[in-house]
Amino acid sequence: MTEANQKELLKTEQDNLFVSVAVSVPLRRIFEYKLARSHLIEVQPGMRVEIPFSGRSKIGIIVKVSHSSEYPANKIKSISQVLDETPLINLRLLKLVNWMQKYYHAPPGEVWQTVLPTALMKGEPCQLKRVSFWQITEQGLTAIEQNKIASNAVKQIQALRLLKENSSGIAHDSLSRYGLSLTTLKTLAG
């Protein structure tokens, strides 16, 4: 290798971070990719990345970030896209996944496939879903204890009793499982 080639290789290494990525494939190894150091987001273990893999695009999990590589930088493919701004998982879960890989002799990417929800491993955004709950109020408790609800309002009485029994609330999505109708609850809330 000429001196000019060595200088170019060193410059390429200095301009990049090297990221070890777990990819969901039946191979017991981690794959190395590069990312420009000028990238806006600081990459950390536990973040998802989109990478080129066998002529396709795949989602992988960063397991290690380093400033150098044992491979020539010009032979390492670049990360297509960093999908998360912060790691999806904490250090304790990272340690658990490493233990699972060693204990079960499992491919790293497949362990991650098991640990994370399928939607995240398909590259979908990591967002918490808002869940609404119905809870009984002090006014509702008073109405049921003092029998202030008309005796022919059977569904309203039943709804208040169910809400009283479930003091932490009933999820809006599971109203039908309890035999409650939204109309009855809206009437009570009104």
Side-chain angles (χ1 to χ4, degrees), residues 19-26 30 40-51 57-65 81-190:
V19 181
S20 298
V21 178
V23 183
S24 184
V25 292
I30 302 291
L40 298 175
I41 299 169
E42 179 188 340
V43 292
Q44 300 173 39
M47 295 172 74
R48 295 175 303 152
V49 290
E50 184 179 333
I51 53 169
S57 181
K58 289 191 86 67
I59 305 299
I61 302 291
I62 296 174
V63 293
K64 182 181 166 191
V65 179
Q81 179 181 5
V82 178
L83 299 176
D84 305 307
E85 293 181 16
T86 58
L88 292 178
I89 49 111
N90 59 28
L91 189 58
R92 288 177 57 188
L93 188 56
L94 270 171
K95 287 180 180 179
L96 174 65
V97 169
N98 287 333
W99 175 84
M100 288 172 65
Q101 284 174 225
K102 291 174 186 160
Y103 185 81
Y104 294 108
H105 302 282
E110 291 187 353
V111 173
W112 281 107
Q113 186 77 30
T114 303
V115 171
L116 291 177
T118 304
L120 291 180
M121 291 305 290
K122 288 183 177 178
E124 293 182 21
C126 179
Q127 296 175 340
L128 295 176
K129 183 180 175 186
R130 178 178 245 164
V131 179
S132 300
F133 284 87
W134 289 89
Q135 291 181 309
I136 194 165
T137 61
E138 289 297 322
Q139 187 180 6
L141 284 170
T142 305
I144 206 167
E145 289 170 0
Q146 298 177 359
N147 292 324
K148 291 187 175 183
I149 300 172
S151 59
N152 64 347
V154 178
K155 289 188 177 186
Q156 290 179 9
I157 294 169
Q158 177 190 16
L160 284 173
R161 286 188 179 145
L162 280 168
L163 290 171
K164 183 179 177 186
E165 290 171 12
N166 296 285
S167 59
S168 61
I170 297 175
H172 183 81
D173 294 347
S174 58
L175 291 178
S176 61
R177 191 170 59 203
Y178 287 93
L180 295 172
S181 73
L182 187 57
T183 307
T184 303
L185 291 172
K186 283 185 175 182
T187 302
L188 286 169

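Keep in mind it's a predicted model, so treat the numbers as computed, not measured.
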- With side chain to side chain contact (heavy atoms under 4.5 Å, CB included) as the test, would you mind laying out the steps for Trp134 and Leu180 before giving the verdict? CA-CA 11 Å; Trp134 289 89; Leu180 295 172; over 6 Å; no
- Mind running side chain to side chain contact (heavy atoms under 4.5 Å, CB included) on Gln156 and Thr187 for me, showing each step along the way? CA-CA 8 Å; Gln156 290 179 9; Thr187 302; 3.1 Å; yes
- Verify side chain to side chain contact (heavy atoms under 4.5 Å, CB included) between Gln158 and Thr184, making sure each step is shown before the conclusion. CA-CA 10 Å; Gln158 177 190 16; Thr184 303; over 6 Å; no
- Message: Go through it in stages, so that I can follow the logic: the residues are His172 and Leu182, the test is side chain to side chain contact (heavy atoms under 4.5 Å, CB included), and I'd like the CA-CA distance, side-chain angles, deciding distance and then a yes or no.
- Response: CA-CA 9 Å; His172 183 81; Leu182 187 57; 3.5 Å; yes
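Closest approach of Pro125 and Leu120 over heavy atoms only: O-CD2, 4.1 Å. Pairing each heavy atom of Leu116 with each of Met121, the nearest pair is CD1-SD, 3.8 Å. The shortest heavy-atom contact between Ile157 and Ala150 is CD1-O, 3.7 Å. Nearest heavy-atom pair across Val65 and Val43 is CG2-O, 3.8 Å. Between Gly46 and Ile61, the shortest heavy-atom distance links the atoms CA-CG2, 4.1 Å. Shown here for Leu162 and Tyr178, the closest heavy-atom pair between the two residues is CD1-O, 3.5 Å.
Expressed to the nearest 0.5 Å, how far CG of Leu83 lies from CD of Glu85 amounts to 11.0 Å. In this structure, CD1 in Ile144 is found 6.0 Å from NZ in Lys164, a value given to the nearest 0.5 Å. For the atom pair CD1 of Ile89 and CG of Leu94, the computed distance is 3.0 Å after rounding to the nearest 0.5 Å. How far CG of Leu160 is from CD of Glu165: 11.5 Å, rounded to the nearest 0.5 Å. Atom CE of Met47 and atom CD of Glu42 lie 8.5 Å apart (nearest 0.5 Å). Atoms CG and OG, on Leu185 and Ser181 in that order, are 6.5 Å from each other to the nearest 0.5 Å.
Side-chain contact between Val23 and Ile51: present, with at least one pair of heavy atoms (C-beta onward) separated by less than 4.5 Å. Within the 4.5 Å cutoff, side-chain heavy atoms of Trp112 are placed close to those of Val63.
Checked by atom type and distance alone, the side chain of Arg48 never pairs as donor or acceptor with a backbone atom of Ile59 at under 3.5 Å. The backbone N or O of Ser168 lies less than 3.5 Å from a partner atom in the side chain of Gln135, making a donor-acceptor pair. Between the Asp84 side chain and the Pro87 main chain, no donor and acceptor come within less than 3.5 Å of each other.
Evaluation of the side-chain hydrogen bond (donor to acceptor under 3.5 Å, both in side chains) rule for Lys148 yields Gln146 as partners, not counting sequence neighbours.
Under a cut-off of 6.0 angstrom, the local environment of CZ in Phe133 is crowded, with over 12 non-hydrogen atoms contributed by other residues, nucleotides or ligands.
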